[in-house]
Amino acid sequence: MSDEPGTLERAVEATLFAAETPMGVEALCAHLGGLAPGEIREALGLLEARYRSRGVHLVERGGRWHFETAPDLAHLLRREKEQVRRLSRAATEVLAIIAYHEPVSRAEIESIRGVQTSAGTLDVLMEAGWVKPAGRREVPGRPVVYATTPDFLDHFGLASRRDLPGIDELRAAGLLDPVDEAMEAAMRFEPDEADEAQDDTPDPDDDENLAD
Amino acid sequence: MSDEPGTLERAVEATLFAAETPMGVEALCAHLGGLAPGEIREALGLLEARYRSRGVHLVERGGRWHFETAPDLAHLLRREKEQVRRLSRAATEVLAIIAYHEPVSRAEIESIRGVQTSAGTLDVLMEAGWVKPAGRREVPGRPVVYATTPDFLDHFGLASRRDLPGIDELRAAGLLDPVDEAMEAAMRFEPDEADEAQDDTPDPDDDENLAD
Amino acid sequence: MNASDQPFMLAPEAGRQDADALYLALDGWEGPLDLLLDLARRQKVDLRQISILALVDQYLTYIERAGALKLELAADYLVMAAWLAYLKSAMLLPKAEQEDPSPEELALRLQLRLQRLGAMREAAGRLMGRDRIGRDVFLRGAPEGLRTDRKTVWRSDLFSVIQAYGQVKARTAPRIYHVANRPVMTLDSALERVSSMLGVTLEWMEIRDFLPPHASPALKRSALASSFVAALELTKRGRAEIEQDGAFAPLRIRRLRDAAGA
């Protein structure tokens, strides 16, 4: 294969390279000035062998020849560029609400979050494959309700939704604290009430009302 | 050259074969999943050599690479495929002036050609994708200046502007300098000869002096 | 490469032959400089060696012949002719009578311009003579094309989800707590409490004495505010009087004797 290619081989190579459609032996004969089909076939055979190990192959389909990317490299033609992004805070909240309350409508999500949810947020969760529409609620307006997918459980390493920690567990883990602490801190710094605020600190026992 | 091509070489080969536009080293790196530019360059070098004797060549134009048919096979391919835009003489001249002088303003082009450039001429060159506006010159009036594009290099088979035919000789001969500069240079070095020329009867044979 | 020479050699050759062709030839030049360059080339010497005087003569001859044939000449050809005629006469005059710039300078400038135009014309020819894509070399006829599908892979983790839920709950729930369950003494109950306590005695009582003794500090603050407003209200109704020795001094309240029965 290392030998220099012959003139005819080169001509066939260039012709098929530049051709817009696959070409049969006859078309090649005509194009290359009335050579014998046997010569063309020979050149095609040489070329086919020469390209066999390469990134591009010369292939015959239904008697017509063309170059194409080697099958094992086909993935290079359509490259998927993966861009890893962290879920935004808003999307994480919406995902959590769906996971805890599913099936849940968008209006319900908004009322739980206490803020409007942009359409894009749900789109992102569906694009990620973690959330899917799960029918409609049979109430006026028949809103779409959303639920999590098996992929959601997979990605977050959950065997089932029941593995999600309950409210009590969240509290025990201090996950319900942040906002209370912020309030407390704010009150503590109001000078006049410093002593009284101390007593106001919502101690865990008083909080029960919160969670229910 | 007979050895089996490496994986990267095959990948670059397949990618450039399939690509619809020429690709630079960076684009190839990105497409092939963030390989080092050095590796890509090496593969390009191997491929370029491997195809040198073939009916199809791998060529670099303005930092971008593509496959094209070997120039010596033009006669085989040309007959059906002449698809090249015929340029008017004015357009070819303007193109040459832009290529050899870039960036260059319209007034400068006109001063070299000694005629006004019709609006259509520059349009044709821009439409062909060979010329583009390249900012403004910071002189009174802030004229737009024009320069050639990578497609220009592509089309005319130039690896870079340094490959423009005869550009080094033209530069060395001062033929790319403005007339005013050339005048100054000429006057500075030839005051005596100018005087002599004056005294001579200016018959045609003697006129040579003027030219020096 | 020699293609570059042809277009502008043809026109003058034809022009030399008969008058009609001259007209066509003039039409074929792109302005006087173009014509001058052609004439210069016909001297078949390097442009640097060209005889400007001979060139001027040739140009003027062309223009005169065109004029004799009553051909319409573009203004710029005539302007150039006038200028060249001036240049010629200046070059023939003794030096002393010459103005600045000297005719040599003018001639040199013309020559430099012709050199530059000639260089570009030749360069254009060589450029067009290169192997051009679509004429001499060809790209792949049917490239498969490369597609880049951009796909976003989202990442998150269980802790973020749980934490987010906790924050949603913590953010929305406390509002109910702080507003609904706050221990307060309403104005009505304060009015009732203050007026009933005032009914027991005719002595001055400090406002502090009206507050529920074992209330939580929060309730005490509410009771203080409500009791103060209640005291003002009772005073307004003429059933009690308020006195205070100075700013921030203890506030004292006493039932009005006459109002006892009201």
Side-chain angles (χ1 to χ4, degrees), chain A residues 14 16-22 66-69 76-87 89 91-93 95-97 99-100 112-114 124-125 127-130 155-158 164-165 167 170-171 173-180 183 193 195-196 199-200 202 207 209-211, chain C residues 131-184 208 211-212 214-225 248:
Chain A
L16 286 175
F17 172 86
E20 274 153 24
T21 51
H66 71 274
F67 282 108
E68 67 176 33
T69 309
L76 291 176
L77 301 189
R78 187 176 297 177
R79 176 123 205 122
E80 245 180 30
K81 210 183 251 172
E82 290 198 343
Q83 194 183 6
V84 177
R85 288 178 61 184
R86 247 200 114 65
L87 212 53
R89 173 74 192 270
T92 310
E93 283 187 15
L95 178 63
I97 290 168
Y100 273 90
I112 293 167
R113 279 190 78 208
V124 162
L125 294 174
E127 187 194 316
W130 296 334
H155 187 271
F156 292 91
L158 295 164
L164 285 170
I167 295 295
L170 291 184
R171 186 179 314 110
L175 287 168
L176 290 179
D177 288 348
V179 176
D180 286 354
M183 270 191 169
E193 301 169 10
D195 47 344
E196 294 178 16
D199 300 328
D200 259 354
D207 261 346
N209 329 3
L210 274 183
Chain C
D131 291 329
R132 291 169 63 185
I133 288 177
R135 188 187 70 179
D136 308 288
V137 297
F138 297 87
L139 302 178
R140 181 122 184 254
E144 289 94 336
L146 300 173
R147 285 246 310 270
T148 310
D149 298 340
R150 210 168 275 136
K151 193 186 165 195
T152 307
V153 176
W154 294 97
R155 277 184 53 156
S156 186
D157 55 79
L158 190 57
F159 179 72
S160 303
V161 170
I162 294 167
Q163 187 186 45
Y165 191 66
Q167 282 172 0
V168 168
K169 291 308 255 182
R171 186 176 66 220
T172 50
R175 280 185 199 156
I176 302 159
Y177 170 70
H178 284 286
V179 175
N181 294 348
R182 198 172 202 126
V184 291
R208 238 175 247 285
L211 305 185
H214 301 296
S216 70
L219 182 58
K220 268 186 190 157
R221 281 162 65 212
S222 170
L224 179 63
F248 303 109

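A, B, ... follow the sequence lines: proteins, then strands. Residue 1 opens every chain. Bear in mind the structure is a predicted one, so any value in this text is a computation, not a measurement. Side-chain atoms are counted along with the backbone in the values below, which use heavy atoms only and exclude waters and symmetry mates.
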Derivation and outcome, side chain to side chain contact (heavy atoms under 4.5 Å, CB included), residues A:Glu127 and C:Trp154:
CA-CA 8 Å; A:Glu127 187 194 316; C:Trp154 294 97; 3.4 Å; yes
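- Atom CZ of A:Phe156 is separated from atom CD1 of C:Ile162 by 10.0 Å, given to the nearest 0.5 angstrom.
- Heavy-atom distances place the side chain of A:Leu164, and not its backbone, under 4.5 Å from chain C.
- Heavy-atom pairs under 4.5 Å with chain C peak, among A:Leu16, A:Leu95, A:Leu158, at A:Leu158.
- When only modelled atom types and interatomic distance are considered, C:Ser160 and A:Arg86 share a side-chain donor-acceptor pair under 3.5 Å.
- Interface remark: A:Leu125 contributes no atoms to any contact with chain C (heavy atom separation under 4.5 Å).
- Heavy-atom minimum distance, C:Ser156 versus A:His155: O-CE1, 3.0 Å.
- Separating the CZ atom in C:Phe138 from the CD atom in A:Glu20 is a distance of 10.5 Å, to the nearest 0.5 Å.
- With values rounded to the nearest 0.5 angstrom, A:Thr92 atom OG1 is found 9.5 Å from C:Gln163 atom CD.
- Of all the listed residues (A:Glu93, A:Arg89, A:Arg113, A:Arg85), the one sharing the greatest number of non-hydrogen pairs under 4.5 Å with chain C is A:Arg85.
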Would you please test A:Phe67 and C:Arg140 for side chain to side chain contact (heavy atoms under 4.5 Å, CB included) and show each step?
CA-CA 9 Å; A:Phe67 282 108; C:Arg140 181 122 184 254; 3.9 Å; yes
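- With a 4.5 angstrom heavy-atom cutoff, C:Glu144 touches chain A only via side-chain atoms.
- Considering only residues two or more places apart in sequence or on other chains, C:Arg155 meets the side-chain contact (heavy atoms from CB on, under 4.5 Å) condition with A:Val84.
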